[in-house]
Amino acid sequence: MKVSTLSEYLDRLERTQSRNEMSQILAEVIREAEKGEASVLMYLLMGRVRPLFDPVEFGVADKQVMKAMVRASGVTEEALGAQYRVLGDLGLVWFAVAKSAGGEKMEVIFLYESLSQIAAESGGGSQERKLMLIEELLGKLTANEGKYVIRILLGKLRLGFSDKTLIDALSISEVGDKGIADKLEYAYQVRPDIGFLVQKVKEVGWKRACEGVGVALGTPMMVMLAARLKTAGEMVKKMGSVAVEPKFDGTRIQIHFQRRGDWKVKTYTRNLEENTYSFPELTKLGDVVDADSLVLDAEAVGVDTKTGKLVPFQMTMTRKRKHDVAEQAGKVPMVFYVFDVMYKDGVSLIDKSYEERRKILTKAVKKNDWLRVDEYKLVTKAEEITKLHQLQIDKGLEGVIVKKIDSQYVPGRTGWRWVKMKEAEGSTGKLSDTIDAVIMGFYSGKGKRAGFGIGKFLVGVRRGEQIVTLTKIGTGLSDEQFKQLKNALDKLVATKADESYVIDKTLVPDVWVEPKLVVEVAADEITISPTYSAGVSLRFPRLVKFRDDKSVQQATTIDEVKQMI
DNA sequence: CTTGTCTGCCC
DNA sequence: ATTCTGC
DNA sequence: GCAGAATGGGCAGACAAG
């Protein structure tokens, strides 16, 4: 397939909003792909050159791509930046400034090779080499083709489809409708590589491609996630009999173990990245399990060496490293709370019920101190969920996960099988109170929000006569509220930061505004911040509502914020 | 060698 | 992570 | 309700620049 053909398909996709229609178009792409080309096309459509679980990344984003665009177009960085703030998409910026070069009919395979080379460059001088390669590539493409290539480099085609839609499309390409999407999804779940799946289906047909697939050691599988419901009552209504488990504030880890073989343990993150190197303590896994092979689902949490208590999330995350792991493991050892088993001794367990898997799990782990099978309580009443939730909160945990006891292990967060509960019913965030913060400035938006002229904004709190920065806010507003806010802020635009602002150079907004507007902000936690001038910041900040009724003098103070810790 | 910027990935 | 929105 | 796309803080690592 030619790149020009691909870009015509992408043009069509860009014009359609209906995902059903998108699936049809994508099915055409799959049908038209030549042998050996299908996998490559799928990766490109996902804004990548390799499957999710391969650690191959482009290593360029906004800043570097913009530099390459400066070179390829001759337009200054300032001019491109200005366009970017208006259009909210570097692909569109390129389309606007690119000279109508190209003309060469490039093959998709060639494009793929070029992009792979960009990803492969590393070491001293690699940034320069990446820039050259991008510049060269753009020079061979039309402005429209370049638009899509830039979006691929940024990992966002922004066309309204992703892997799920590609699976629907694959089903359509094979049988004319979404009839086999379930089976394909299952195959994708245990090997989340859309390029591999499409290629295989095209080569051997969907029946053989889906035949006998199951969890495989050494291949990360997609994990089950917890949805959210507002009340315990809704949980009981949707799920019936449930198990309530503690929710630990650490990092999700999928553990693959085999007693014999060229490796013993491999671990993966929630997003399927391999992170075996981060957890040297798991080399001893064979001592504490009664099995020849396992795939486990767990939460890794650091412990305080003095008190034995679990450490805060930020401390646990210091283990997300490649270097000096052993040293860090001494400072912050890990424990692993195991809550599920997806495979044991050659048998895939994801089709078994929660209760069955739990029984197998309990038997598979021997009594020990660091690989802990977490507790679960079977419950049928809403009040019991609420009570257990409060119990975990009192213990200092994040909350609870409520699980439907007869449910299979299904990836993603759909279907009301697992539901999380963090804050108490009726409250907006886990933080006991909301904060009334002052809007200090705002930033242009990307994608849809470019049209609003605002995508997020900077807020602060009072410290004496000063206003110190606390967090940026980019969620909690409806489209309508974004438009309203932009209108209101336009009347407060200032040419520079107000004298009362204590600012940090990395947080300079696109537009400063006078300190007039107050907003109510919710969050889950107050964190010690290395970046914000308040010295603290918010974890998961979101807007609750505009507080036009409040003056800046009535906004929350830094002392009040610190008392909430 | 240190510092700053950018990126990717945890939540 | 949270939240909003078109289908 | 699903799937997708906006957006958050903050950590380590890779490079480039000084």
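Letters A, B, ... mirror the listed sequences (proteins, then strands); counts begin at 1. Because only heavy atoms are used, hydrogens play no part in the values below, and waters and symmetry mates are left out as well, while side chains stay in. Owing to the predicted nature of the structure, the values given are computational and were not obtained by experimental measurement.
Under the side-chain contact (heavy atoms from CB on, under 4.5 Å) rule, Trp94(A) has a single partner from Gln83(A), Arg151(A), Met69(A), which is Met69(A). A salt bridge (charged side-chain N to carboxylate O under 4.0 Å, His left out) with Asp89(A) holds for exactly one of Arg158(A), Lys156(A), Lys446(A), Lys147(A); it is Arg158(A).
For the pair Lys247(A) and Glu480(A), nearest-nucleotide mapping onto DNA chain C gives the more 5' position to Lys247(A). Across the interface with DNA chain C, nearest-nucleotide mapping of Asp479(A) and Arg413(A) shows Arg413(A) to be the residue nearer the 5′ end. Between Gln314(A) and Arg19(A), the residue anchored closer to the 5' end of DNA chain D is Arg19(A), taking for each the nucleotide with the nearest heavy atom. Comparing Leu470(A) and Asp324(A), the nucleotide of DNA chain D nearest to each residue sits closer to the 5' end for Leu470(A).
By the 30° and 60° cut-offs, the orientation of the rings of Trp370(A) relative to Phe336(A) is perpendicular.
When the C1' atom of dC9(B) is taken as reference, atom CG of Asp54(A) falls 16 Å away, rounded to whole Å. Rounded to a whole Å, the CD atom of Glu299(A) is 9 Å from the C1' atom of dC11(B). If you measure from atom OH of Tyr277(A) to atom C1' of dC10(B), you get 11 Å, rounded to the nearest angstrom. Distance, Ile473(A) CD1 to dC4(C) P: 13 Å, rounded to whole Å. As a whole-Å value, the separation of Arg270(A) CZ from dC9(B) P is 13 Å. Across the protein-nucleic acid pair, Leu131(A) atom CG and dC6(B) atom P stand 13 Å apart, rounded to whole Å. Between Lys448(A) atom NZ and dC4(C) atom C1' the separation is 8 Å, expressed in whole Å. Note: CG (Leu13(A)) to P (dC7(C)) measures 15 Å, nearest angstrom.
The 12-atom threshold is not exceeded at NZ of Lys67(A), counting heavy atoms of other residues, nucleotides or ligands nearer than 6.0 Å. Other residues, nucleotides and ligands place no more than 12 heavy atoms under 6.0 Å from the NZ atom of Lys183(A).
The distance between the ring centers of Trp512(A) and Tyr501(A) falls below 6.0 angstrom.
Of all nucleotides listed (dC11(B), dC4(C), dT2(C)), dC4(C) comes nearest to the side chain of Ser478(A). Among the nucleotides dC10(B), dT5(C), dT3(C), the one closest to any side-chain atom of Arg542(A) is dT3(C). Of the listed nucleotides (dA1(C), dC7(C), dT7(B)), dA1(C) has the atom at the smallest distance from the side chain of Phe540(A).
Counting any heavy atom pair closer than 4.0 Å across all strands shown, Gly445(A) reaches sugar-phosphate atoms only and no base atom. When heavy atoms are screened at a 4.0 angstrom cut-off, Lys430(A) is found touching no nucleic acid atom at all. Leu543(A) comes within contact range of no nucleotide atom at all, as no heavy-atom separation falls under 4.0 Å. Within the nucleic acid shown, Ser529(A) comes within 4.0 Å of sugar-phosphate atoms alone, with no base atom in reach, counting heavy atoms only. Looking at heavy-atom distances under 4.0 Å, Asn20(A) makes no contact with the nucleic acid at all. Among the atoms of the strands shown, none is found under 4.0 Å from any heavy atom of Lys130(A). Backbone-only contact: Gln64(A) has heavy atoms under 4.0 Å from sugar-phosphate atoms and none from a base. Residue contacts for Lys67(A): at a heavy-atom cut-off of 4.0 Å it reaches no nucleic acid atom on any strand shown. Contacts of Ile253(A) with the nucleic acid, taken as non-hydrogen atoms under 4.0 Å apart, are absent. Using a 4.0 Å heavy-atom distance criterion, Thr471(A) is classed as a sugar-phosphate-only contact. Among the heavy atoms of the strands, none lies under 4.0 Å from Ile454(A). Using a 4.0 Å heavy-atom distance criterion, Lys472(A) is classed as a sugar-phosphate-only contact. Gly415(A) comes within 4.0 angstrom of the backbone, heavy atoms only, and of no base.
Remark: the backbone N or O of Thr557(A) is paired with a side-chain donor or acceptor of Glu560(A) at under 3.5 angstrom.
Using modelled atom types and a 3.5 Å distance limit, the side chains of Glu14(A) and Tyr148(A) yield a donor-acceptor pair.
Using a 4.0 Å cutoff on non-hydrogen atoms, no part of residues 77-93 of chain A comes near DNA chain D.
Nucleotides dT3(C) and dC6(B), compared at atom P, are 30 Å apart to the nearest Å.
Between Arg319(A) and Glu281(A) there is a salt bridge, since at least one side-chain N of the basic residue sits less than 4.0 Å from a carboxylate O of the acidic one.
For the pair Arg539(A) and Phe313(A), the cation-pi test (distance below 6.0 Å, angle within 45°) is passed. Taking the ring axis of Phe457(A) as reference, the NZ or CZ atom of Lys472(A) does not stay both within 45° of it and closer than 6.0 Å to the ring centre. For the pair Lys486(A) and Phe452(A), the cation-pi criterion (under 6.0 Å, within 45° of the ring axis) is not fulfilled.
Taking the 5' to 3' direction, DNA chain D first and last meets chain A under 4.0 angstrom from a heavy atom at dG1(D) to dA16(D).
Contact check, Arg252(A) against dC10(B): no side-chain N or O comes under 4.0 Å of OP1 or OP2.
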